[in-house]
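See structure below.
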Amino acid sequence: MRFDLWTFALQAANFLVLVWLLRHFLYRPVLGVITQRQAATAKLTADLEAQAKAAEALRRGLEAERAAISGEKAATLAAARDAAAAERKTLMAQARTDADAVRAQARSSFERERADVASSLGRDAARLAVAIVRRLLKEPPAAAAQDAMLRFVCDDIERLPEEARQHVLEQIAGEDEAAPTVVTAAPLDAETQRSFAERLGKALGAPARPEFRVDPELLAGVEVRFPFTILRRAWAEDLNRIEAELIHDDGAAKLA
Amino acid sequence: MINSPLTTRIAFHLGPVPVTEPVVTTWGLMATLVLGAALATRRLRDEPGRVQAVLELAVSTIEDQIRETLRADPRPYLPFLATLFVFIAGANLLALVPGLEPPTAHLETDAALAVMVFLAVHVFGVRALGWRGYLAQFARPTWVMLPLNLVSEVTRTFSLMVRLFGNIMSGVFVIGVVLSLVGLFVPIPFMALELLTGLIQAYIFTVLAMVFIGGAVEPARASPRSPA
């Protein structure tokens with residue numbers, strides 16, 4: 001084995017030359033292309049980042065505008081809601097006032113109509129009641145009612161003041177001897193006439209011979225007619241008085 | 001392969017200078033590499049073609065490897081280290097070409113490459129740290145380490161040379177012996193193994209040179225000076 005210094009030197013020189021040649025023909029062009037592409041990529045990336053930043057700024061601006069619009073919308077809605085609430089309140093108050101007025105007017109009208117109707121009904125009812133009573137009393141009165149009426153008349157005579165009773169006695173026991181007339185709604189039988197004559201004489205304090213008549217208009221009443229004095233116990237008169245009171249007074253209201 | 005790989009035959013003389021066969025083979029390899037590079041980089045475009053993509057991938061890979069190892073801008077070191085890998089790999093693969101011997105199977109070529117690495121380490125170290133700063137690296141961590149560091153500079157260069165020479169020479173020797181003894185097809189597995197060995201040795205040589213240069217240009221990494 002021998003170490004050739006010329007070969008060593010030539011190989012060293014060859015290597016250096018090769019480094020230079022490859023640097024010129026290989027590395028520099030390839031690295032240049034790579035660098036150029038990296039620069040283009042960096043520029044593209046920078047452009048994209050700038051565009052992204054611009055887009056982000058635009059997005060933020062739009063978000064701010066949208067937020068402002070949202071706030072304005074909310075304020076407008078709130079104002080509209082408040083105005084609507086106020087308007088509603090006003091309308092409700094107005095409607096309530098109108099309703100109260102209408103209700104009061106209706107109530108007044110109703111009360112008035114009700115009073116009129118009640119009054120009219122009362123009058124009709126009074127007339128109807130009186131008519132009913134009249135019709136009922138036009139029937140032949142019961143004996144008990146007739147007796148009661150006769151007894152009441154005798155009692156009335158007994159309760160007359162002494163002076164008035166003497167005056168009546170003078171009328172029927174005087175020179176003219178005018179007999180009292182007993183008017184009834186229904187004819188009395190003989191026994192009843194005799195009994196009543198006795199009771200009448202007892203009430204007057206002197207015998208009496210009354211004349212008996214019939215007047216259906218008395219309606220179960222008794223009327224004793226002296227020459228200048230009339231004693232009456234008749235339901236017809238009472239009914240006329242009651243009807244007058246019910247119709248012309250506030251009896252109808254009471255009935256209603 | 002009939003002749004011993006330990007002998008260097010002279011192809012011709014240039015005046016008083018004997019030009020041996022490894023030198024001629026190296027010239028052929030250089031011409032091929034440079035011509036191929038010139039043709040491949042003739043029309044580089046922004047949208048790379050297939051060849052351009054391969055070139056860019058190879059250069060970028062070497063650049064990334066340098067950046068990861070040196071942790072510095074790889075551009076100043078790329079031509080030297082990439083040429084080292086390309087030349088050694090190409091030379092080693094010449095073992096597969098019938099009738100050619102790899103220049104790296106001869107000690108002169110490996111020695112020249114190792115010396116180039118030795119010089120490059122110092123050149124890059126001085127360029128990065130200055131004369132004073134670079135020379136101060138040899139006295140770290142203490143002055144006691146100065147002789148050992150100086151010796152390691154020589155021994156690691158020597159180990160580079162011997163490693164490459166031993167691996168490639170032995171492969172060529174084995175292929176030559178098997179080829180001379182057995183025939184045509186039996187050496188094929190050995191040739192495939194030599195292909196793998198050649199690429200691995202080129203990678204190891206380049207990475208070690210990268211590490212040496214990295215240790216020279218970076219003060220913090222200067223103390224473990226002799227990984228070889």
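Keep in mind that the numbers below use all heavy atoms, side chains included, and drop hydrogens, waters and symmetry copies. All figures in this text were calculated on a predicted structure; none of them were measured in a lab. Order of the sequence lines sets the chain letters (A, B, ...), proteins ahead of strands, with each chain counted from 1.
Applying the 6.0 Å contact sphere to CD of A:E72 captures no more than 12 heavy atoms from other residues, nucleotides or ligands. Heavy-atom contacts from other residues, nucleotides or ligands closer than 6.0 Å to CZ of A:R59 number more than 12. By the 6.0 Å contact criterion, CD on A:E63 is enclosed, its count of non-hydrogen atoms from other residues, nucleotides or ligands being greater than 12. Few gaps surround CZ on B:F12; more than 12 heavy atoms of other groups in view lie less than 6.0 Å from it. Residue B:F190 qualifies as open at atom CZ: its count of foreign heavy atoms under 6.0 Å is 12 or below.
Taking chain A as the reference chain and counting heavy-atom pairs below 4.5 Å, the highest number among B:L55, B:V86, B:I10 is found for B:L55. Of the listed residues (A:I34, A:L10, A:D4), the one with the most heavy-atom contacts under 4.5 Å to chain B is A:D4. In terms of non-hydrogen atom pairs under 4.5 Å with chain A, the most contact-rich of B:V23, B:L78, B:L33, B:V59 is B:V23.
The minimum heavy-atom distance linking B:A112 with A:A12 is given by the pair CB-N, 3.5 Å. Annotation for B:E63 and A:L31: closest pair OE2-CD2, 3.7 Å, computed over non-hydrogen atoms.
Atom CD of residue A:Q11 and atom CG of residue B:L107 lie 11.5 Å apart, to the nearest 0.5 angstrom. One finds the CZ atom of B:R9 at 13.0 Å from the OG1 atom of A:T7 (value rounded to the nearest 0.5 Å).
A distance-only check finds a donor-acceptor pair linking the side chain of B:T41 to the backbone of A:F25 [under 3.5 Å].
Judged as a side chain to side chain contact (heavy atoms under 4.5 Å, CB included), and not counting sequence neighbours, the contacts of B:R45 are B:Q52.
Interface remark: B:M116 contributes side-chain atoms only to the contact with chain A (heavy atom separation under 4.5 Å). B:V115 touches chain A through its side chain: at least one heavy atom from C-beta onward sits under 4.5 Å away, while N, CA, C and O do not. Looking at B:L113, the atoms closer than 4.5 Å to chain A (heavy atoms on both sides) all sit in the side chain, from C-beta outward. Proximity to chain B is limited to the side chain of A:V33, based on heavy atoms less than 4.5 angstrom apart.
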Stepwise side-chain contact (heavy atoms from CB on, under 4.5 Å) test for A:R37 and B:E56
CA-CA 11 Å; A:R37 187 179 298 119; B:E56 290 185 10; 2.6 Å; yes
Can you list the steps and then say if B:R75 with A:T35 is a side-chain contact (heavy atoms from CB on, under 4.5 Å)?
CA-CA 11 Å; B:R75 292 295 171 89; A:T35 304; 3.3 Å; yes
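Under the 4.5 Å side-chain criterion, counting only non-hydrogen atoms from C-beta, A:W6 is not in contact with B:T20.
Sorted by first and then second residue, the side chain to side chain donor-acceptor pair (under 3.5 Å) pairs with a member in residues 93-102 of chain A read A:Q94-A:D98, A:D100-A:R103; sequence neighbours excluded. Residue pairs meeting the side chain to side chain donor-acceptor pair (under 3.5 Å) criterion with at least one partner in residues 25-34 of chain A, sequence neighbours excluded, are A:Y27-B:T83.
Residues of residues 16-23 of chain A lying under 4.5 angstrom from chain B, judged on non-hydrogen atoms, are A:L16, A:V17, A:L18, A:V19, A:L21, A:L22, A:R23 by number.
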